[in-house]
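Computed over heavy atoms, backbone and side chain alike; hydrogens, waters and symmetry mates excluded. Starting from 1, each residue takes its place in the sequence as its number.
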Amino acid sequence: MNRIDDSSGHYGRELSRAIEGYAETIVEQDCEHAAKQPHIEYLFKEFIVADYDFASEDYDEALRTICTTRADLEYWLELLDAHVSGVDLEPEALETSVGSSTETTQDEVQENISSSESTADSNAQSEDETDATVENERTDDVLYTSDFATGPLSTDDFTGGTLDVEHLAVGPLEIGYFVGDAFDELRVDAPTTVERHTAEIKSLESNASESDLASKFQKRRVLSTYVYVLEELGEEDVLDTLYEEIYLEDKRFCKAYAERLIEQDDEERALEIVEHGIDTFRSTTDLRWLAVDLYRDREADRYKTLLKQLFLDHSE
């Protein structure tokens with residue numbers, strides 16, 4: 001694919017048909033699990049190393065086609081386990097993670113209270129003491145990330161996540177491209193305090209290094225496949241633990257986990273997950289709609305605030 005011009009998409013479609021035909025041929029042979037294993041290994045390897053999103057999706061779909069028995073799915077899960085690190089799927093991990101998250105939320109509430117008390121004390125400072133803090137106040141020549149409705153723009157905002165690139169062809173996005181000379185700098189304020197997990201997809205090469213780790217797009221694909229296999233196996237407890245580990249890897253996982261918790265009648269935890277996602281990701285419209293439903297009968301002020309934000313985001 002690197003050596004041809006496929007601007008028409010012809011060869012990409014031919015490749016997709018070839019992969020689909022490969023999988024259908026295996027299914028037609030009605031093979032036992034042992035006979036399928038080499039094919040599962042082959043398709044999984046190609047799924048991991050594929051340079052193109054469409055090819056990776058085709059290999060993933062082929063795996064879903066040939067893995068028709070529990071033994072097939074369990075073997076596929078073994079291959080996934082060998083290439084995903086930084087995720088603890090033991091049942092105890094879920095209790096520990098949820099417990100620490102709850103403590104963090106309580107700590108944040110206490111910090112807000114302390115901050116309010118500190119603010120009240122600072123108002124009583126002398127004029128000289130107040131002058132010393134002026135440099136931390138907002139000025140007209142500084143643009144803050146919180147000035148954006150949904151956060152600063154990212155490459156994904158421009159490409160919709162369809163291009164596997166770290167930046168656009170023109171290079172890293174500069175503040176001057178969007179605001180001209182009106183501001184001297186962009187300052188990041190109020191960063192999220194939510195702990196991010198660090199799931200990683202290991203390279204198939206034996207000499208894998210940090211630079212060989214898969215891109216965030218490949219990571220999302222692999223973790224989505226992980227979720228699919230656990231769902232097919234009916235491993236509900238393990239799936240909950242996985243979601244707890246990866247929900248801040250991508251807002252899609254965050255939304256799916258929150259919806260799963262709502263179905264389990266655990267709306268309090270779902271609300272925590274949604275708020276973490278709102279604090280962490282950009283373009284969080286879907287998450288805020290979930291939060292609106294959850295806050296409707298719980299907290300009127302927060303409910304109204306979210307509705308106003310959603311209205312402003314969608315108004316012309």
- Message: Measuring from atom CG of Leu73 to atom CD of Glu235, what distance do you get when rounded to the nearest 0.5 angstrom?
- Response: 10.5 Å
- Message: Could you tell me if the side chain of Glu249 sits less than 4.5 Å from the side chain of Lys219, heavy atoms only?
- Response: yes
- Geometric cation-pi criterion Arg64 and Tyr228, 6.0 Å radius, 45° cone: yes
- Task: Report the distance from atom CG of Leu63 to atom CG of Leu79, rounding to the nearest 0.5 Å.
- Result: 8.5 Å
- Drop me the distance from Gln37's CD to Glu78's CD, to the nearest 0.5 angstrom. 8.0 Å
- Query: Asp250 and Phe281: which non-hydrogen atoms are nearest, and at how many Å?
  - Reply: C-CZ, 3.5 Å
- Query: Is any side-chain heavy atom of Leu290 closer than 4.5 Å to a side-chain heavy atom of Ile262?
  - Reply: yes
- Item | Side-chain heavy atoms of Glu231 within contact of Leu239, under 4.5 Å | yes
- Going through the checks in order, is the salt bridge (Lys or Arg N to Asp or Glu O under 4.0 Å) test met by Asp301 and Lys304? CA-CA 5 Å; Asp301 289 342; Lys304 292 176 182 177; 5.2 Å; no
- Item | Chi angles and distances behind the side chain to side chain contact (heavy atoms under 4.5 Å, CB included) call for Gln309, Leu306 | CA-CA 5 Å; Gln309 292 174 347; Leu306 286 167; 3.6 Å; yes
- Is any side-chain heavy atom of Thr225 closer than 4.5 Å to a side-chain heavy atom of Phe47? yes
- Between Tyr295 and Glu275, do the side chains contain an N or O donor and an N or O acceptor separated by less than 3.5 Å? yes
- Could you tell me which non-hydrogen atom of Arg13 sits nearest to which non-hydrogen atom of Ser8, and how far apart they are? NH1-O, 3.4 Å
- Task: Side-chain contact test, heavy atoms from C-beta onward, threshold under 4.5 Å: evaluate it for Glu61 versus Asp58 and give yes or no.
- Result: no
- Message: Determine whether Arg17 and Glu14 satisfy the following criterion, salt bridge (Lys or Arg N to Asp or Glu O under 4.0 Å), listing intermediate values before the conclusion.
- Response: CA-CA 5 Å; Arg17 279 194 284 269; Glu14 289 299 313; 2.2 Å; yes
- Message: Nearest 0.5 angstrom please: Thr280 OG1 to Lys251 NZ, how far?
- Response: 12.0 Å
- Task: To the nearest 0.5 Å, tell me how far Glu245 CD sits from Leu223 CG.
- Result: 11.0 Å
- Query: Would you say Phe54 has more than 12 foreign heavy atoms packed within less than 6.0 Å of its CZ?
  - Reply: yes
- Item | 4.5 Å side-chain heavy-atom contact, Tyr243 and Cys254 | no
- Message: With a 4.0 Å cut-off on N to O distance, would you call Arg269 and Glu244 a salt bridge?
- Response: yes
- How far does OG of Ser224 sit from CG of Asp60, to the nearest 0.5 angstrom? 8.5 Å
- Can Glu41 and Lys45 be counted as an ion pair, charged N to O under 4.0 angstrom? no
- Item | For the student: nearest non-hydrogen atoms of Cys67 and Asp72, plus distance | CA-CB, 3.6 Å
- Side-chain heavy-atom pair Leu271, Arg298 within 4.5 angstrom cut-off: yes
- Query: Knowing that exactly one of Leu310, Leu294, Val274 qualifies, which makes a side-chain contact (heavy atoms from CB on, under 4.5 Å) with Trp289?
  - Reply: Leu310
- Message: Taking the side chain as everything from C-beta on, heavy atoms only, tell me whether Tyr22 gets closer than 4.5 Å to Ile66.
- Response: no
- Is a salt bridge present between Glu236 and Arg260, judged by a nitrogen-to-oxygen distance below 4.0 Å? yes
- Message: So does Leu287 get a backbone contact from the side chain of Thr284, meaning a donor-acceptor N/O pair under 3.5 Å?
- Response: no
- Salt-bridge criterion met for Arg220 and Glu57 (N-O under 4.0 Å): no
- Note on the structure: Closest non-hydrogen atoms of Asp240 and Tyr257, given as atom of the first, atom of the second and distance, are O-OH, 3.9 Å
- Is the ring centre of Tyr59 less than 6.0 Å from the ring centre of Phe44? no
- Quick one: sort the His33 and Tyr75 rings into parallel, tilted or perpendicular, breaks at 30° and 60°. perpendicular
- Item | Intermediate values then yes/no, side chain to side chain donor-acceptor pair (under 3.5 Å), Lys36 and Thr68 | CA-CA 10 Å; Lys36 283 185 185 178; Thr68 56; 2.8 Å; yes
